[in-house]
2 protein chains.
Amino acid sequence: MSAVGVSLNRVDGAEKVAGQAVYAGDLRLPGMAYAKVLRSPVPHARIRHIDSSKATAMPGVLGVLTRDNLNLISNSFGAYVRDQQIIASEKVRYVGDMVAAVAATDSTIAEEAVRLIEVDYDELPAIYTVEEALADNAPLVHEKLDNRKDPGYGRGGKHIVHDQSNICFHFRHERGDIEHGFQDSDQIFEDSFYFPSAQHYPIEPHVCVAQFEGDVLTVWSATQSPFPVRQELARVFGLPFSAVRVIVPYVGGGYGAKSGIKTEGIAACLSRMIGRPVKLAFGADETFRTICQPRAKITIKTGVKNDGTFVARHCEVYLNGGAYANSGPSVTEKAGYRAHGPYRIPHLLTNAYSVYTNTVPAGAFRGFGGPPVAFAYETHADMIAERLGIDPFEIRMKNLLDKGESFSHSDTPIDCDLKTGLKRIAQAIGWDARPNGQQNSGSKKSGIGIATAMKDGGGTNKPANAAVTIFNDGSVLLATGSVEVGQGMRTAFLQVVAEELSVPTDEVRVAALDTHSTPFDKGTNASSATSIMGQAVQRAARDARRQFLEAASAVLKAPAGAIRLEHGMATCGEQKLSFREVMQRHFRDSEGEIWGRGYFKIGKDENVPLGYPSPFWEIGFGAAEVEVDTETGEVKVLRYVSLTDAGKMINPLQCHAQDEGAAVFGLGQALFEDLVYQDGQLVNGSLIDYRLPTFNDVPPTFKTFIMEGEGGPGPYGAKGMGEGGILPVAPAVGNAVFAAVGKRLLGVPLTPGIVWQAISKG
Amino acid sequence: MSAVGVSLNRVDGAEKVAGQAVYAGDLRLPGMAYAKVLRSPVPHARIRHIDSSKATAMPGVLGVLTRDNLNLISNSFGAYVRDQQIIASEKVRYVGDMVAAVAATDSTIAEEAVRLIEVDYDELPAIYTVEEALADNAPLVHEKLDNRKDPGYGRGGKHIVHDQSNICFHFRHERGDIEHGFQDSDQIFEDSFYFPSAQHYPIEPHVCVAQFEGDVLTVWSATQSPFPVRQELARVFGLPFSAVRVIVPYVGGGYGAKSGIKTEGIAACLSRMIGRPVKLAFGADETFRTICQPRAKITIKTGVKNDGTFVARHCEVYLNGGAYANSGPSVTEKAGYRAHGPYRIPHLLTNAYSVYTNTVPAGAFRGFGGPPVAFAYETHADMIAERLGIDPFEIRMKNLLDKGESFSHSDTPIDCDLKTGLKRIAQAIGWDARPNGQQNSGSKKSGIGIATAMKDGGGTNKPANAAVTIFNDGSVLLATGSVEVGQGMRTAFLQVVAEELSVPTDEVRVAALDTHSTPFDKGTNASSATSIMGQAVQRAARDARRQFLEAASAVLKAPAGAIRLEHGMATCGEQKLSFREVMQRHFRDSEGEIWGRGYFKIGKDENVPLGYPSPFWEIGFGAAEVEVDTETGEVKVLRYVSLTDAGKMINPLQCHAQDEGAAVFGLGQALFEDLVYQDGQLVNGSLIDYRLPTFNDVPPTFKTFIMEGEGGPGPYGAKGMGEGGILPVAPAVGNAVFAAVGKRLLGVPLTPGIVWQAISKG
């Protein structure tokens with residue numbers, strides 16, 4: 001292969017570095033107004049009255065949007081439960097809920113006008129934790145949800161939707177006979193774990209520009225899910241899809257935050273109201289108050305044989321979903337489905353719950369429910385090993401699934417060699433000579449921890465469509481609904497197209513994403529771009545190649561099978577023509593184009609618990625050496641080894657960069673990140689107060705291994721691999737801290753205070 | 001039919017009236033620079049030296065483009081002859097030729113900086129008229145043209161390309177035996193006619209924004225020919241088509257002016273140079289100096305029988321093409337092909353020449369060579385009638401081609417009833433009781449004139465492509481390369497699509513035009529949108545309908561033939577589903593789309609003089625009553641009747657508006673318009689000095705008749721009809737002036753001075 005497997009420079013790299021790349025926030029349209037939003041200062045209240053007269057009267061204000069002048073067919077939206085409002089109607093449900101919005105000639109005026117809006121709240125008791133939410137007589141975040149919809153894609157697992165409670169969604173997954181399993185076990189261990197909420201922290205906060213031109217709504221949005229956004233906007237405004245156009249310029253990071261409507265609804269309402277384009281750009285502090293990772297409490301009870309063999313496991317997963325469902329139900333289902341880890345466990349029962357509280361709404365986040373459960377089952381695995389006196393490496397080797405074995409009834413067999421992966425990281429970190437408890441300089445102690453985690457990757461029920469055009473000059477354009485969120489998908493796809501068509505990569509470009517011209521896609525998530533969309537891209541390229549060979553066959557007067565395509569040339573015996581020559585001779589003049597289409601979707605299988613087989617298994621194995629300062633509690637990761645399976649690396653440089661990025665994400669959660677509330681107020685929701693990993697926190701020795709098991713559904717066996725790396729970091733670091741200081745911490749982040757407290761408690 | 005034949009309001013009307021419609025000039029991109037152009041002040045010179053150092057040093061200047069720092073693969077461009085430069089290299093060839101350009105942070109700075117560029121010219125003798133250009137030893141506008149290309153689409157007519165002369169292009173068309181024909185005639189009459197140059201005068205001057213992002217060039221341009229512009233830009237910059245994206249926002253009128261590269265090349269050079277988007281917006285005075293209608297001199301010699309029957313005709317057509325060819329060769333060919341009029345003439349010889357001079361380049365203009373020759377043959381027809389003592393109506397009735405008769409060997413037969421049309425306008429104007437020479441109030445005399453003209457319409461060798469998408473909610477999007485230049489094409493196409501799919505018109509939208517997603521098209525010209533592209537649109541809609549019926553057949557479990565589509569519903573017996581329901585049941589969820597494609601092209605025919613048959617015959621008949629003030633020479637058109645054949649009116653309101661617009665265009669040329677030069681300087685090239693018809697000049701009685709002969713190649717028999725109305729106005733008015741005052745003027749415009757002079761000479 002000449003284009004695939006090559007570390008081609010990122011095609012959008014130069015313009016991004018040069019500051020030339022255009023993001024939604026860069027757009028300025030003629031007559032454009034700037035919007036700002038008024039957010040609720042209270043966590044839970046009924047809105048008695050809104051007086052926007054002072055704001056409306058302010059010079060420069062073009063329009064004020066409240067529940068009293070909404071210009072929508074429906075104010076409710078939500079991917080799984082239509083529980084959220086474009087603008088608050090009866091109630092506010094968290095500090096940050098959007099109550100009103102102002103469009104003005106500039107953003108300073110809009111900001112000042114927002115402050116002039118007077119809202120009379122009737123405050124209600126609020127709940128912040130899962131425990132509070134599930135207590136008897138807890139106040140209800142949502143009194144009724146008559147438009148709750150079944151996610152519809154799970155069949156074998158059960159979905160239970162509770163009305164008149166704060167449980168938003170419940171997923172139950174069972175196999176074998178859990179009671180029998182526990183009876184059959186030599187020992188039973190039960191532990192509970194806590195995993196923090198976190199902010200996705202994309203460099204670019206939520207932003208869009210919306211414009212009604214006549215009755216056609218165009219939205220330029222920094223979104224990961226342009227087609228679902230189109231669908232929601234069409235519904236709430238009562239417009240046909242053909243009258244809603246979502247265009248996605250470059251996106252400055254998503255990580256799950258940019259799925260579904262964020263700024264688009266309000267900007268579009270205001271644009272319709274004032275007859276101008278409207279930009280609504282959140283500040284980072286507002287993005288903090290828009291969407292986050294759900295806080296998790298996970299209890300795992302495992303029955304084992306004395307030799308460490310897992311027999312039965314019962315998992316209870318509670319996710320704090322915040323005030324609105326977002327994709328929380330789906331995250332909950334996935335967290336539940338993955339909660340027992342990549343192990344052979346005959347008897348299983350998992351319940352996973354998404355629970356409403358009066359906090360920032362939670363939803364999709366890189367790893368999609370995987371990191372909390374991986375922290376739980378991998379800390380739990382080490383704790384079991386410790387109790388049984390077994391080496392943590394050995395207990396995993398004993399229970400890890402083999403390649404080809406089933407993770408779950410009827411689901412896709414395990415598609416790579418987990419044990420080889422584990423051996424590789426153990427060897428790389430020096431497991432056999434680990435310095436556990438070793439005193440380094442002064443008060444610092446070393447320890448090594450490992451973790452092996454897995455998630456079903458590629459999403460569920462995702463159709464993929466792509467289009468490949470060969471222009472009359474032989475150059476090639478790819479149209480795909482996957483969003484370039486920084487993951488490098490444009491470069492990887494371009495390589496696949498160049499490979500399939502046998503043209504140089506610089507003849508291929510990727511079209512801008514526009515729901516009016518790009519084939520339908522469900523959204524860029526679940527490590528699905530290269531793996532799932534890649535398959536549609538490959539098929540579209542092959543469809544175009546087939547048509548091109550027909551054209552070449554006619555021009556060269558030879559059967560298509562006798563024509564070789566290579567380096568942008570079509571060769572047949574002595575004859576050699578460029579793609580351009582073939583196109584122009586076949587179609588004449590400048591008029592002929594070839595349109596290739598590709599479609600790919602994993603087939604439905606009612607026998608599989610989630611209704612569709614997992615496209616592939618995304619793995620993330622990690623090994624960490626930490627140094628804990630016993631005097632301060634500070635944890636430093638000295639060495640980190642990450643391992644994942646890409647199936648096949650389309651672009652090795654990008655694969656390693658993805659895995660590095662995922663591991664650093666994991667480090668943040670292991671060591672620093674949490675959203676801290678006081679009386680319902682998020683107190684560290686700003687660029688200054690929220691602690692993220694910086695380059696100084698990257699381990700001095702940091703290595704990513706990428707296996708190429710070729711077991712994926714993607715082109716050339718590719719699998720998704722952008723999320724695996726995040727999964728094992730927190731448990732690997734936690735296990736290393738235990739190895740260093742003998743203290744087991746059941747939650748992250750491992751901040752100095754918490755670690756010091758654990759140590760000093762003796 | 002429920003959608004076609006209805007006077008639907010223009011879909012883009014409201015937003016245009018409200019000022020919300022976005023034109024290229026409205027765009028502002030982040031970091032955008034503003035460009036201005038330095039133009040030659042001399043008509044013909046060699047450039048010795050350009051000193052741009054002062055301009056470059058000026059604060060706010062970002063880049064200065066001259067021949068000395070060109071960043072192109074090729075500086076030459078041109079649709080038929082690559083005789084024009086993006087920026088002047090060796091020579092300037094007319095006053096207004098572009099010599100340098102400046103990009104600056106604002107347009108005032110750019111304008112000032114342009115004045116600081118010093119150009120040292122070596123002036124050359126210049127030629128302004130066809131006579132001067134063809135004189136012995138005339139200076140050559142172009143010394144050599146080694147990249148002249150044969151237009152390639154004409155076969156039966158001969159194309160002679162002259163090197164080492166100022167003849168740019170020569171078309172020869174012959175049939176019968178011209179000498180024998182003259183010998184066979186009773187009388188022979190020869191007259192020469194003059195037709196002015198004119199400015200298209202679109203409300204929006206030439207404008208574009210060009211932006212290199214990485215190595216992908218995006219151009220937002222007010223162009224009628226986005227795909228040819230892409231082709232030229234790709235060639236001059238050495239880029240693949242996939243790296244050149246031309247987007248066309250709304251266009252504020254074209255009329256032929258906006259074909260081919262105008263502002264795009266310079267803006268793109270500057271953008272590449274300075275790494276920012278660049279806007280280049282011409283003023284109206286610059287559009288005057290960019291492209292115009294060619295000035296014409298036409299001599300017609302006709303042999304007739306004493307009863308008025310035409311026997312032989314010899315036409316010599318000279319078009320002053322200005323400094324660069326543009327589409328002049330094609331205009332020349334068409335003017336030549338049409339020069340003998342819609343008459344039965346057995347013996348014919350036409351020579352048509354496009355001649356280079358040192359004046360503003362001339363090219364496509366509404367009517368495309370039709371108005372000058374129609375003025376000639378229709379004035380000539382009246383003069384023959386006068387000399388033979390025959391009624392002008394009768395001489396036309398005698399010689400007009402019948403429906404089904406041949407205009408030219410092997411070409412498409414006449415597709416409508418010309419004689420019925422002529423009778424209709426004669427009746428409407430009151431021909432039989434015409435007040436010729438009648439003294440009205442004071443010095444004012446009345447007269448009535450008629451004219452019958454025709455052109456081959458729809459262009460030559462034009463492929464048409466269209467795509468119709470049915471989205472998952474049943475709504476419909478049309479993608480077509482035709483440009484909405486104000487002619488109402490979006491509305492008409494939407495009606496065709498709604499009709500074919502049996503959906504309400506408000507479910508259908510037309511996609512924005514973008515060469516990265518819109519199927520290929522050669523350009524919006526030659527009255528080809530509804531007639532030629534319309535056929536592709538209809539076929540794409542039918543292709544989508546066929547696929548939709550397959551889907552409905554699967555859902556309703558009935559053969560496609562048993563399903564009726566009506567008002568957005570699919571009905572079969574008792575079952576009735578909306579389009580949305582069919583789509584969602586068939587494709588599930590939100591993922592399914594239907595893509596229909598349509599292609600249409602008139603087949604090649606080597607026997608036809610132009611290589612391809614004329615798609616249809618566009619007719620324009622006119623009758624005018626004028627009042628001439630014999631004291632001042634002022635001509636007022638009191639009544640005007642226009643008649644054309646639409647084949648089938650897709651949108652009657654728009655058809656009448658098109659014909660009214662064309663007739664008013666013709667009035668301008670009849671009465672006011674000309675480009676006046678003094679020593680090579682255009683002296684009336686501004687909004688103030690150039691006289692256009694205003695609402696006050698519209699005849700108090702103004703009527704348009706539109707026949708529906710259903711003889712066209714377009715949907716439901718539609719023909720193009722946006723140019724016919726312009727053809728007969730000047731001769732009808734001229735013939736009416738003769739009828740009023742007995743003076744024959746052999747040229748237009750009929751300005752008061754010229755008419756008074758003719759009258760007062762006695």
Side-chain angles (χ1 to χ4, degrees), chain A residues 11-15 18-22 26-31 152 211-216 218 227-228 231 234 239-243 245 275-276 461 463 465 469 471-477 479 506-509 511-512 514 516-522 589-593 595 597 601, chain B residues 11-15 18-22 26-31 152 211-216 218 227-228 231 234 239-243 245 275-276 461 463 465 469 471-477 479 506-509 511-512 514 516-522 589-593 595 597 601:
Chain A
V11 290
D12 47 356
E15 54 179 309
Q20 292 177 341
V22 174
D26 292 325
L27 292 174
R28 285 190 297 164
L29 299 184
Q211 178 178 32
F212 269 97
E213 289 174 285
D215 67 345
V216 174
T218 303
F227 291 85
Q231 193 174 353
L239 294 170
F241 286 2
S242 57
R245 186 179 171 200
R276 294 178 177 222
N461 185 17
N465 289 289
T469 304
F471 289 117
N472 190 264
D473 70 340
S475 66
V476 179
L477 186 75
D506 62 5
E507 290 287 306
V508 187
R509 295 294 187 290
D514 178 343
H516 257 189
S517 59
T518 306
F520 178 82
D521 176 60
K522 274 205 170 170
D589 300 336
S590 53
E591 66 203 54
E593 295 169 350
W595 307 294
R597 302 291 304 220
K601 188 175 172 181
Chain B
V11 290
D12 47 356
E15 54 179 311
Q20 291 177 341
V22 173
D26 292 324
L27 291 175
R28 285 189 299 163
L29 299 183
Q211 178 178 33
F212 268 97
E213 289 174 285
D215 68 344
V216 174
T218 304
F227 291 86
Q231 192 174 354
L239 293 171
F241 286 2
S242 57
R245 188 178 171 200
R276 294 176 177 223
N461 185 18
N465 288 290
T469 303
F471 290 117
N472 190 262
D473 71 340
S475 67
V476 180
L477 186 76
D506 61 6
E507 289 286 307
V508 187
R509 295 295 186 290
D514 177 343
H516 257 191
S517 60
T518 307
F520 177 82
D521 176 60
K522 274 205 169 170
D589 301 334
S590 53
E591 67 205 52
E593 295 168 352
W595 307 293
R597 302 290 307 219
K601 189 176 170 179

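- Contacts with chain A were tallied for L27(B), V22(B), L29(B); V22(B) has the most, counting heavy-atom pairs under 4.5 Å.
- Of the two parts of D514(B), neither the backbone nor the side chain holds a non-hydrogen atom closer than 4.5 Å to a non-hydrogen atom of chain A.
- Heavy-atom pairs under 4.5 Å with chain A peak, among A18(B), A243(B), S517(B), at A243(B).
- By the 30° and 60° cut-offs, the orientation of the rings of F520(B) relative to F227(B) is perpendicular.
- When the candidates A511(A), A479(A), S475(A) are compared by the number of heavy-atom contacts under 4.5 Å with chain B, S475(A) comes out ahead.
- A pairwise comparison of heavy atoms in F471(A) and H516(B) identifies CZ-CD2, 4.3 Å as the closest pair.
- Residue E593(B) holds its CD atom at 7.0 Å from CZ of R597(A), rounded to the nearest 0.5 Å.
- Considering all non-hydrogen atoms of both residues, D521(B) and P228(B) come closest at O-CD, 3.9 Å.
- Closest approach of V476(B) and S242(A) over heavy atoms only: O-CB, 3.0 Å.
- Note on L239(A), D215(A), V508(A): by heavy-atom pairs under 4.5 Å with chain B, the leading option is D215(A).
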